[in-house]
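Just below is one structure, and these are the notes that go with it.
First the proteins, then the strands, lettered A, B, ... as listed; each starts at 1.
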Amino acid sequence: MSTDDAVPVPPPRHFIHDIVDEHNQSGRFGGRVHTRFPPEPNGYLHIGHAKSICLNFGLAKYFDGKCNLRFDDTNPTKEDQEYVDAIMDDVRWLGFEWDGLYYASDFFEQLYQYAEQLIQKGLAYVDSSPVETIRAQRGSLTEAGKHSADRDRSVEENLALFRRMKAGEFPDGKYVLRAKIDMAHPNMNMRDPLLYRIRHAEHHRTGDTWCLYPLYDFTHGYCDSLEGITHSICTLEFENHRPLYDWFIDVLGLFHPQQIEFARLNLTYTVMSKRKLLELVEAGTVRGWDDPRMPTIAGIRRRGYTPEGMRAFCETIGVTKFNGLTDLSVLESAIRADLNKRAPRYMGVINPLKVVLTNFPEGHVEYTDAVNNPEDPSQGTRQLPFSRELYIEHDDFMENPPKQFFRLAPGREVRLRWGFLITCQEAVKDAAGKVIELRCTYDPATKGGNAPDNRKVKSTIHWVSAAHAVPAEVRLYDKLFNIENVADIPDDKDWKDYLNPASESTVTAQLEPALADKPAGFQCQFERLGYFCVDKDTTKDRPVFNRTVTLKDEWAKLQKKS
RNA sequence: UACCCCGUAGUGUAACGGUAGCACAACAGAUUUUGGUUCUGUUUGUCAUGGUUCGAAUCCAUGCGGGGUAACCA
């Protein structure tokens, strides 16, 4: 539409671009840029992963390089094909396609060979110490650790034992393989880290081929190296692991990727912890991994967030090493900006109040034309039935309105969007004094909402014709937590006590007839209320809509102030 | 009281020794058949103290503050 849409905006740069530039200038990787997104298939991806995905795939695109998808599947007891499938769906939904597809388990044989090489170099040993001993001997943040009794086992003995571990001669936990580095190292990761543990468990890909599995630290860097990854992007908590990965690579003289750490995304009023999210799912607090309140990619997709909006959001928040907390409003603003351009407008009344037009002929239906999207004329118009009995929003009427209230009130005239101008004559109340119906008159000369005498009305409100209205279940979503920073919850408190009990509320709305048969996933704006989408629970008899995000609401803001 | 990382408006992020800018939020106004959108304007900032320099958000030192790290998890 506007001309500046045509001007391609380069993605914002950040410190990782600078690092890659330096590598390209020095020729460290021969000008090659190859990143990877390495999730563990033990849960669903969330918005934090979206940041990482946009970063890794974005970097590859920016530098005309490649980006792999690699599943870090080294813990057979926690991983599952269900998660693998969901993760691939999510990456594609975000708009990315991987170059190479790998699993850490693809490299199990090679990893095993590396382990034997370490043993042969005298850099790894088989330890029979029980878990508690290993833990105790590790020392603390301020004290050096102690050597294991098995630390000086001979190469031959280590090799023989390790091969017997592989052959399945020992039960779980009997032995582990450890690197031989430095038990007094100030970096805890260097204190003879564990490399392999025995697990007689079925792996989702390798089945029962293996009964010993490599640990993440041992696996991760080698996989990056084997895939030819040039820049191993990861989050800040792995900063202390970098010296260990470097050690693994260098002692075997392998291709050496550059690890670069960035700050993970934290958002107000939600959690990014897979463990906590899993707990919500398992406790039934939410409808599942794809509950629209969940910060999972599956959740926000069901909620109606768009990939374009998510990518724009990821560009906005930038990439740094500062561990901050991003305002949810930044995300919502990105989603609104995207939906505003594209979502067709419809009318739906969420909290219906009946209006009877006393001077409108009974049984008569008048059709008016409505613009589908004022932001995009190419979306055309549709016809709206108008009749004697209507629904308007309860919140659009006040019997004793304050000065700032522009909407309907006794004696006041407003415009019904794309309909007629109406004037409120009387508010009908029930025994309790609650307004249950409005008796209004309409001006037949104002069809479409234009007054021939050009008189002004203070407000335009949405409505639906009662006889034509489609009742629908509408799920209104709000923030998951009541507390801005979930990390601030004290350890002695239960984080679940801070969940927002009103994060979902369900109402029966009355929608304009055009909304009757929309398929799951359909997105639109309910005028003046927000963006909504059809939920997968929808049926022919009862449409179900989710509120993706509200519109900005000046009136709500004014109310809050007073 | 170990090691590593990080401190720029309320929040997030630019400025690569040379005018502290952008987004979101907030506030004020204009436009508007959505109290939406759009447009205009305003408020608010370099953690502190020294040093180097003609010149420091940027380099150095010290201090202060925040985060991470002691799973046979990733």
What verdict does the side chain to side chain contact (heavy atoms under 4.5 Å, CB included) test give for A/L331 and A/Y305, after you've listed the backbone C-alpha separation in whole Å, the side-chain angles of each residue and the deciding distance to 0.1 Å? CA-CA 10 Å; A/L331 210 207; A/Y305 286 19; 3.6 Å; yes

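Contact check, A/K557 against B/rC27: a side-chain N or O comes under 4.0 Å of OP1 or OP2. Within the structure, a side-chain polar atom (N or O) of A/T74 is placed less than 4.0 Å from OP1 or OP2 of B/rA74. Listed pair A/T316 / B/rA23 fails the phosphate criterion, with no side-chain N or O lying under 4.0 Å from OP1 or OP2. Contact between the side-chain N/O atoms of A/R135 and the OP1/OP2 oxygens of B/rA70 is not found at any separation under 4.0 Å. Dashed line: the shortest gap from a side-chain N or O of A/R138 to OP1 or OP2 of B/rC72 is under 4.0 Å. Between A/K561 and B/rC27 there is a side-chain N or O to OP1 or OP2 distance below 4.0 Å. Residue A/K174 has no polar side-chain atom (N or O) positioned under 4.0 Å from OP1 or OP2 of B/rC72.
Put simply, the side chain of A/D72 never gets that close to the backbone of A/A104: no donor and acceptor are under 3.5 Å apart. The closest donor-acceptor contact from the side chain of A/H17 to the backbone of A/H14 lies under 3.5 Å.
With B/rG35, B/rC72, B/rA14 as the choices, the nucleotide that has an atom nearest any side-chain atom of A/F406 turns out to be B/rG35. Listed candidates were B/rA70, B/rU8, B/rU34. Nearest to the side chain of A/F322 is B/rU8. Relative to the side chain of A/E527, the nucleotides B/rA70, B/rU34, B/rU1 differ in distance, and B/rU34 lies closest. Comparing B/rC3, B/rU69, B/rC4 by their nearest atom to the side chain of A/L141 picks out B/rU69. Which of B/rG12, B/rC72, B/rU1 sits closest to the side chain of A/L194 comes down to B/rC72. Listed candidates were B/rU34, B/rA14, B/rG35. Nearest to the side chain of A/L558 is B/rG35. Residue A/D327 has its side chain nearest to B/rU11 when only B/rA74, B/rC72, B/rU11 are considered. Minimum atom distance to the side chain of A/S329 is reached by B/rC24, of the listed B/rA14, B/rC24, B/rC4. With B/rG35, B/rG12, B/rA74 as the candidates, the nucleotide lying closest to the side chain of A/R197 is B/rA74.
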Polar atoms only, N or O, under 3.5 Å: list the protein pairs with nucleotides 36-39 of chain B and their distances.
| residue | atom | partner | partner atom | Å |
| --- | --- | --- | --- | --- |
| B/rG36 | N2 | A/E375 | OE2 | 2.8 |
| B/rU37 | O2' | A/N340 | ND2 | 3.3 |
| B/rU37 | O2' | A/E375 | OE1 | 3.2 |
| B/rU37 | O2' | A/E375 | OE2 | 3.1 |

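Here B/rA23 presents its P atom at 22 Å from CZ of A/R311, a figure rounded to the nearest Å. Regarding A/N75, its CG atom lies at a distance of 5 Å from the P atom of B/rA74, rounded to whole Å. In this structure, CD of A/E237 is placed 17 Å from C1' of B/rC3, rounded to the nearest angstrom.
Across all strands, A/Y213 comes closer than 4.0 Å to no nucleic acid atom at all (heavy-atom distances). Within the 4.0 angstrom heavy-atom criterion, only backbone atoms of the sugar-phosphate kind lie near A/G324; the bases stay farther away. No engagement by A/H462 is indicated, since no non-hydrogen atom pair under 4.0 Å with the nucleic acid exists. Looking at heavy-atom distances under 4.0 Å, A/N450 makes contact with a base.
Under a 4.0 Å N-O distance rule, the pair A/R264/A/E237 qualifies as a salt bridge. Salt-bridge formation is not detected for the pair A/D395/A/R407: no Lys NZ or Arg NE/NH1/NH2 atom is positioned less than 4.0 Å from an Asp or Glu carboxylate oxygen. For A/E393 and A/R528, the salt-bridge test fails: no basic side-chain N is under 4.0 Å from an acidic carboxylate O. The pair A/E315-A/R311 does not meet the salt-bridge criterion, since no charged nitrogen lies less than 4.0 angstrom from a carboxylate oxygen.
Using P as the reference atom, B/rU40 and B/rU31 are 15 Å apart when rounded to the nearest Å. Of the P atoms belonging to B/rC73 and B/rA15, the separation is 41 Å, rounded to the nearest Å. B/rU43 and B/rC27 are spaced 7 Å apart, taking the C1' atom of each and rounding to whole Å. Comparing B/rC16 with B/rA2, their P atoms are spaced 36 Å from each other, to the whole Å. For the C1' atoms, the distance linking B/rC6 with B/rG12 amounts to 15 Å, nearest Å.
Figure legend. B/rA2 is base-paired to B/rU69; pairs are counted as Watson-Crick or G-U wobble with both atom distances under 3.5 Å. When both distances must be under 3.5 Å, the Watson-Crick or G-U wobble mate of B/rA9 does not exist.
Cation-pi geometry between A/R342 and A/Y531 is not satisfied (NZ or CZ under 6.0 Å from the ring centre, within 45° of the ring normal).
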